[in-house]
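One is the number of the first residue; the rest follow in order along the sequence. Excluded from the calculations below are hydrogen atoms, water molecules and symmetry mates; all remaining heavy atoms, backbone and side chain alike, are included.
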Amino acid sequence: MHVLWVTWIHALPNFLLGLKVTLEITGLALVLALVLGFVLALGRLSGVRVFEFVAMVFVEVIRAIPVLVLLFVAYYSMGQWGVKLSGFAAGTLTLGVFYATQYGEIFRGGILAVDRGQREAAQALGLSSTAIMGKIILPQAFFNILPPATNQLSNLIKDTSLVYTISVTDLMFQAYLAGSNSFQYMDDFLLAGVLYFAFYIILSKLLARWELNVQRRRA
């Protein structure tokens with residue numbers, strides 16, 4: 001136990017730097033996923049066949065490919081097409097695009113769950129499609145979207161660990177590097193697990209409190 005604490009104390013500064021990178025990738029990828037996911041959801045619900053088809057194909061193809069394969073394509077293969085991305089950019093882009101397909105389906109399901117009568121009543125009042133979506137549909141769909149959207153964030157946090165495979169100095173990279181130097185792989189990976197767990201618990205508690213406040217305001 002004494003050796004474990006010594007290893008952790010020695011490694012913690014670098015691990016915290018790695019955790020900072022993990023937080024940055026998580027935040028940026030989440031923003032990209034939410035924005036692109038909303039666009040995909042609107043495309044699939046647009047009623048325009050071209051938009052529906054393009055959005056559907058994009059979602060199905062991206063969801064069918066493992067995140068690690070997409071990550072390698074973004075980092076290694078795109079350079080052959082004249083697009084050179086840093087590891088950080090490739091990781092953020094890959095996770096953002098992949099999770100956009102997840103959030104797109106969550107958004108689409110939340111919107112479809114709103115009672116159709118709400119739209120029909122708004123149309124009877126002469127509201128435009130934009131006004132109906134922005135003032136009637138989306139505010140109600142938000143409550144359907146919130147729980148699965150926050151749950152999906154935990155998967156995004158865990159998948160950020162894959163970026164160490166393209167030499168991004170995230171938390172997992174720091175754990176592997178520390179283990180390579182000390183040969184105490186178990187101790188270093190255990191510390192990484194503790195930090196991932198702490199990050200997840202803190203974030204999940206904050207999101208749960210936010211969800212509760214939102215539900216109270218709705219009630």
Connected via hydrophobic side-chain network under 4.5 Å: Leu191 and Ile201: no
For a side chain to side chain contact (heavy atoms under 4.5 Å, CB included) check, start with the C-alpha distance between Thr169 and Leu17, then their side-chain angles and the critical distance, and finish with the verdict. CA-CA 8 Å; Thr169 55; Leu17 291 176; over 6 Å; no
Under the side chain to side chain contact (heavy atoms under 4.5 Å, CB included) rule, what do Phe189 and Met172 come out as? Steps first, then yes or no, please. CA-CA 8 Å; Phe189 286 138; Met172 189 64 184; 3.8 Å; yes
Rounded to the nearest 0.5 Å, how far apart are CG of Leu68 and OG1 of Thr94? 10.0 Å
For the atom pair CG (Leu171) and OG (Ser161), what is the distance rounded to the nearest 0.5 Å? 9.0 Å
Side-chain contact test, heavy atoms from C-beta onward, threshold under 4.5 Å: evaluate it for Phe72 versus Thr165 and give yes or no. yes
Any luck finding a side-chain donor-acceptor pair between Tyr176 and Asp188 under 3.5 Å? no
Specify the closest pair of heavy atoms between Ala74 and Leu85, including all atoms of both residues, with the distance to one decimal. O-CD1, 3.8 Å
Donor-acceptor contact below 3.5 Å, side chain Tyr103 vs main chain Ala149: yes
Under a 4.5 Å side-chain heavy-atom rule over Ile, Leu, Val, Met, Phe, Trp and Tyr, are Tyr76 and Leu70 clustered together? yes
Taking all non-hydrogen atoms of both residues into account, name the closest pair between Phe107 and Leu34 and its distance. CE1-O, 3.5 Å
Spatial distance of atom CD (Glu105) from atom CG (Leu112) [nearest 0.5 Å]: 9.5 Å
The test is side chain to side chain contact (heavy atoms under 4.5 Å, CB included); show your working for Leu206 and Trp210 and say whether it passes. CA-CA 6 Å; Leu206 291 174; Trp210 180 47; over 6 Å; no
Decide whether Val97 and Val35 are clustered together by the hydrophobic rule: side chain heavy atoms of Ile, Leu, Val, Met, Phe, Trp, Tyr closer than 4.5 Å, transitively. no
Phe53 side chain reached by Val48 side chain, heavy atoms, under 4.5 Å: no
Straight-line distance of Leu16 CG to Leu23 CG, nearest 0.5 Å: 10.0 Å
Got a salt bridge between Glu52 and Arg49, using NZ or NE/NH1/NH2 to carboxylate O under 4.0 Å? no
Nearest non-hydrogen partners of Asn144 and Ala113, listed with the distance: ND2-CB, 3.6 Å
Taking all atoms of both residues into account, what is the closest heavy-atom pair of Ala175 and Ala192, and its distance? CB-CB, 3.7 Å
Should the pair Lys20 and Phe15 be classed as cation-pi, given the thresholds of under 6.0 Å to the six-membered ring centre and 45° from the axis? no
Looking only at heavy atoms, what is the nearest atom pair of Leu156 and Ala29, with distance? CD1-CB, 4.2 Å
Any side-chain heavy atom of Asp187 within less than 4.5 Å of one from Leu190? no
Can you find a heavy atom in the side chain of Phe38 that is under 4.5 Å from one in the side chain of Leu42? yes
Atom CG in Leu19, atom OG1 in Thr160: separation rounded to 0.5 Å? 9.0 Å
So, taking the atom named CG in Leu207 and the one named CD1 in Ile202, what distance separates them when rounded to the nearest 0.5 Å? 12.0 Å
Run Val168 and Phe173 through side chain to side chain contact (heavy atoms under 4.5 Å, CB included) and show every step you take. CA-CA 7 Å; Val168 177; Phe173 182 91; over 6 Å; no
So, do Met56 and Glu60 sit near enough that their side-chain heavy atoms are less than 4.5 Å apart? yes
Check for a donor-acceptor pair, side chain of Thr22 on one end and backbone N or O of Gly18 on the other, with a separation under 3.5 Å. yes
Would you check if Gln152 and Tyr99 make a side-chain contact, meaning some heavy-atom pair closer than 4.5 Å? yes
CZ/Phe88: more than 12 non-hydrogen atoms of other groups inside 6.0 Å: yes
Can Met78 be reached from Ile166 by stepping across I, L, V, M, F, W or Y side chains whose heavy atoms are under 4.5 Å apart? yes
Can you find a pair of side-chain heavy atoms, one from Phe197 and one from Val194, that are under 4.5 Å apart? no
Would you name the heavy atoms of Leu71 and Gly91 that are closest together and state the gap between them? CD1-CA, 3.6 Å
Spell out, yes or no, whether Ile65 and Val163 are grouped together once hydrophobic residues are joined by side-chain heavy atoms under 4.5 Å, including indirect joins. yes
Do Leu153 and Thr26 have side chains that approach each other closer than 4.5 Å (heavy atoms only, starting at C-beta)? yes
